[in-house]
Amino acid sequence: DLYMKIDDVISIGDISKAFLFGKEYGPDERPDVKYKPYPGAHTTCRLFLLRGCLYGQRTAPYVWWETLSEWMVEQGFTQSKNDPCVYHRAYDTKVSPDGLGEVNTGIENERVRLTEWGYVESKTQPDLYIRHAVTAATHVDDIITRGHRRSTIAFWASVKNKFDVKYWDIVDYDNPMVYCAKRVSKVKRAGKVWYTVDQTEDIADFLADNNVTSVRGQHAPMPNKHEISSDPTPVSEQEHKMYRSLVGSLTYFCETRHDIAYEVTRLAQGLAAPTKGHMLALKRVMAYLSTVPDMRLMVPRVIGDVWRIYSDSDHAGDTTVGTNRSHTGIVILLNGMPVTWKSNKQPVTAFSSASAEIYAMSECCKEARLISWIAEEMGRTVPWPLDVYVDNAAGVSYQHSTCALSKQRGVYDQRTDCVQELKDEKQINAVKIETARNLADLYTKCHVVTTRKKLQAEMELLALETASK
C-alpha cells in the first residue's frame with residue numbers, strides 16, 4: 001500500500017449538462033418529439049427527430065451512465081461488477097533510463113518527466129517508474145476520485161476534454177468539497193491527516209426551518225423506549241403530514257448520522273398511523289440533533305486497512321409498539337469509520353434469542369461480503385476470513401458448527417445456501433465479544449446517555465488506534 005508514500009488526494013467534480021452528452025440514438029431508434037410553442041406564437045406545432053436524450057426522459061440517466069462507463073473503460077479503468085458506479089485503474093509501470101516517458105496528459109500523449117505525473121521511482125529496480133492507482137465513484141453527474149495529485153489533474157483534464165465540467169477541485173485543509181450533498185473535509189488531528197464527511201449545514205437549516213434551535217439539550221435521542229407508546233391518541237391530519245415529512249428528512253440525515261439510525265427506524269414504523277407518543281419521540285430526536293449538530297464521520301489516512309464488523313439483535317424487545325419481531329443491528333468499520341450500518345426490524349418472528357442473532361449475523365455477513373468484494377475491485381487487500389463480532393455464544397457456536405444437535409435444526413434448513421455461506425469459515429469467522437463493547441448494540445436498542453457515550457467512545461478509540469499505527 002503506497003498511498004501514504006505519495007501525494008495522495010481526494011477530488012470532487014460535477015459535469016454540466018451531463019444527459020446531453022449521452023450516446024446518440026441509432027438511425028432506427030430516434031423518437032419523435034413534439035414542440036408546442038407558447039400561446040400567441042406565430043409558429044405552429046412542429047415535430048422533430050431527437051439525436052439523443054433530453055432532460056426529463058426516463059432513459060436519459062441510464063444512457064448517460066452507459067456513455068460515462070464506456071469512456072472510463074477507454075481511459076484504462078475497470079468497472080466494478082459489484083457496484084457498477086465504481087471504477088478503478090490499477091497502477092502502471094514504465095521503464096525509463098532518463099526519467100522521461102509518454103503519458104496521456106488529458107489532451108494527448110506527451111513526453112514528460114514521469115515524476116511530475118504521478119510516477120514514483122522504484123527503490124529496488126533501477127529505471128522503473130510506478131504510477132499509483134486511481135479510484136473513481138460516480139452518482140449521475142457527480143464524480144469523486146482518489147489518487148496521486150498529478151494523476152488526478154490528468155484525469156480531470158481528460159474529463160474536461162470529453163465533457164463539459166461545471167467545476168472540480170481537490171479536497172484540502174482550507175477547501176472542503178460537497179459530494180451528493182455531503183461535505184468532505186480534510187483536517188489535521190494529533191498530527192495525522194483525517195478526512196471527514198458531514199451534513200452539518202443541512203441539519204442546521206432543517207432545525208431552523210422547524211424552530212428547533214433553542215431547546216433543552218438532549219444527549220440521547222431516545223433514552224426511553226416506552227415514550228413512543230406513552231400517548232396512543234392519534235394525531236390530526238395536519239400533524240400526520242408533518243410527521244411524515246420530518247421523519248423523511250431524518251431518514252436522509254441517517255446517511256451520515258448513524259447515531260440516530262435506530263431511533264429513526266422506530267419512528268418510521270409509525271408513519272401509517274402516528275400518535276401523540278410518536279410526536280413526543282420525534283421532537284426528542286430533533287432536540288438531540290440540535291444539541292449534537294456537528295457529529296461527523298471521521299477516518300484517518302493510514303497505510304493498509306483495518307476491518308471491524310459487528311452484529312447484534314434485540315429479541316422481541318419492542319413489544320411496546322405491538323410487535324414481537326426482533327431487531328437487527330449491523331455496523332462495519334473501515335479504519336475506524338463506519339462505512340455501512342443497518343437497523344431493521346426482522347421480517348419473521350424469531351423463536352429464541354439465538355435465532356434472532358443468527359438471522360442478524362447472516363444479514364451482516366451478506367453486507368460484509370459485498371463491501372469486501374467492492375474493496376477488492378478497488379485494489380484493496382481484504383483479510384479473509386472476516387471476523388464478525390457478536391455477543392451471543394449460541395450464534396458463535398452455530399457459525400462454527402460446534403453443536404451437532406443444535407436446537408436451530410428445525411428453525412433453519414441446513415441445506416440452504418445462506419446457511420452454508422454463513423458457516424463457510426474461509427470467509428466468515430464469528431468472534432465472541434462482551435455486550436458492553438458490541439458497537440452494533442447502538443442499532444438495536446434505546447440507550448441512556450451513559451451507555452451511548454461508552455459505545456461511542458469505544459468506536460472513537462478504534463479510530464484513534466488505527467491512526468496511531
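All residue numbers refer to positions in the sequence shown, counting from 1. The model shown is predicted, which means the values in this text are computed figures rather than measured ones.
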Fill in: Minimal non-hydrogen separation, Trp373 against Asn82, with atom names
CB-ND2, 3.5 Å
Fill in: Polar contact flag, side-chain donor to acceptor under 3.5 angstrom, His219-Thr291
no
Discussion item. Can you confirm if the NZ or CZ of Arg452 lies within 45° of the ring axis of Tyr262 and under 6.0 Å from the centre of its six-membered ring?
Written reply: no
Worksheet item: To the nearest 0.5 Å, how far apart are CD1 in Ile203 and CG in Leu289?
Response: 5.5 Å
Worksheet, complete the sentence: Rounded to the nearest 0.5 angstrom, the CD1-CD1 distance for Ile309 and Ile371 is 8.5 Å
Practice prompt. Rounded to the nearest 0.5 Å, what's the gap from CG on Asp169 to CD1 on Ile12? Could you check?
Written response: 9.5 Å
Discussion item. If the condition is side chain to side chain donor-acceptor pair (under 3.5 Å), which residues does Arg308 pass it with, not counting sequence neighbours?
Written reply: Tyr310, Tyr389
Worksheet entry | Distance-minimising heavy-atom pair for Ser372 and Leu386 | OG-CD1, 3.3 Å
Fill in: Those residues that, when tested against Glu363, pass salt bridge (charged side-chain N to carboxylate O under 4.0 Å, His left out) (two or more places apart)
Lys366
Worksheet item: Taking atom NZ of Lys445 as the centre, does the number of heavy atoms from other residues, nucleotides or ligands within less than 6.0 Å exceed 12?
Response: yes
Worksheet entry | Side-chain donor or acceptor of Asp391 paired with backbone N/O of Asp312 under 3.5 Å | no
Worksheet item: What heavy-atom pair brings Tyr288 and Gln218 nearest, and what distance separates the two atoms?
Response: CD1-O, 3.2 Å
Item to complete: Taking Ser229 for its side chain and His226 for its backbone only, find out whether a donor-acceptor pair lies under 3.5 Å.
Response: yes
Fill in: Mutual orientation of the aromatic rings belonging to Phe206 and Phe253 [parallel < 30°, tilted 30-60°, perpendicular > 60°]
perpendicular
Item to complete: Check the side chains of His278 and Thr275 for a donor-acceptor pair under 3.5 angstrom, ignoring hydrogens and angles.
Response: yes
Response to the item:
Interatomic distance, NZ@Lys23 vs OH@Tyr62, rounded to 0.5 Å, equals 8.0 Å
Discussion item. My understanding is that only residues two or more places apart in sequence, or in another chain, count here; which of them pass ring pair (Phe, Tyr, Trp, His ring centres under 6.0 Å) with Trp307?
Written reply: none
Response to the item:
When every non-hydrogen atom of Met286 is compared with those of Leu207, the smallest separation belongs to O-CD2, 3.6 Å
Discussion item. How about CD on Glu425, more than 12 heavy atoms from neighbouring residues, nucleotides or ligands closer than 6.0 Å, or not?
Written reply: yes
Fill in: Heavy-atom pair of closest approach, residues Lys225 and Gly317
NZ-O, 2.9 Å
Practice prompt. Go through the structure and list residues passing salt bridge (charged side-chain N to carboxylate O under 4.0 Å, His left out) with Glu465, not counting sequence neighbours.
Written response: none
Worksheet item: Do the side-chain N and O atoms of Thr135 and His88 include a donor-acceptor pair separated by under 3.5 angstrom?
Response: yes
Fill in: Gap separating the OG atom of Ser230 from the CG atom of Asn224, nearest 0.5 angstrom
8.0 Å
Fill in: Exercise: do His258 and Tyr443 side chains pair donor with acceptor under 3.5 Å
yes
Item to complete: Evaluate the salt bridge (Lys or Arg N to Asp or Glu O under 4.0 Å) criterion for residues Asp259 and Arg257: first the C-alpha distance (whole Å), next the side-chain angles of each, then the deciding distance (0.1 Å), finally the verdict.
Response: CA-CA 5 Å; Asp259 55 323; Arg257 293 299 298 261; 2.9 Å; yes
Worksheet entry | Donor-acceptor pair, side chain of Ser185 and main chain of Thr196, under 3.5 angstrom | no
Discussion item. Taking side chain to side chain donor-acceptor pair (under 3.5 Å) as the definition, give me every residue that meets it alongside Asp205, ordered by chain and number, with sequence neighbours left out.
Written reply: none
Worksheet item: Taking all atoms of both residues into account, what is the closest heavy-atom pair of Trp156 and Ser11, and its distance?
Response: NE1-OG, 2.8 Å
Fill in: Spacing of Ile153 atom CD1 and His148 atom NE2 [to the nearest 0.5 Å]
9.0 Å
Worksheet item: Counting N and O atoms only, with roles assigned by atom type, does the side chain of Arg325 sit under 3.5 Å from a partner on the main chain of Pro347, one being a donor and the other an acceptor?
Response: yes
Discussion item. Is it the case that atom NZ in Lys432 sees more than 12 heavy atoms from other parts of the structure closer than 6.0 Å?
Written reply: yes
Worksheet item: Which is it for Trp71 and Tyr87 under the ring-ring contact (aromatic ring centres under 6.0 Å, His included) test, yes or no, and what are the steps along the way?
Response: CA-CA 11 Å; Trp71 180 81; Tyr87 310 85; 9.6 Å; no
Discussion item. Holding to salt bridge (charged side-chain N to carboxylate O under 4.0 Å, His left out), I want the full list of residues that pass it with Lys276, two or more places apart in sequence or in another chain.
Written reply: Glu239
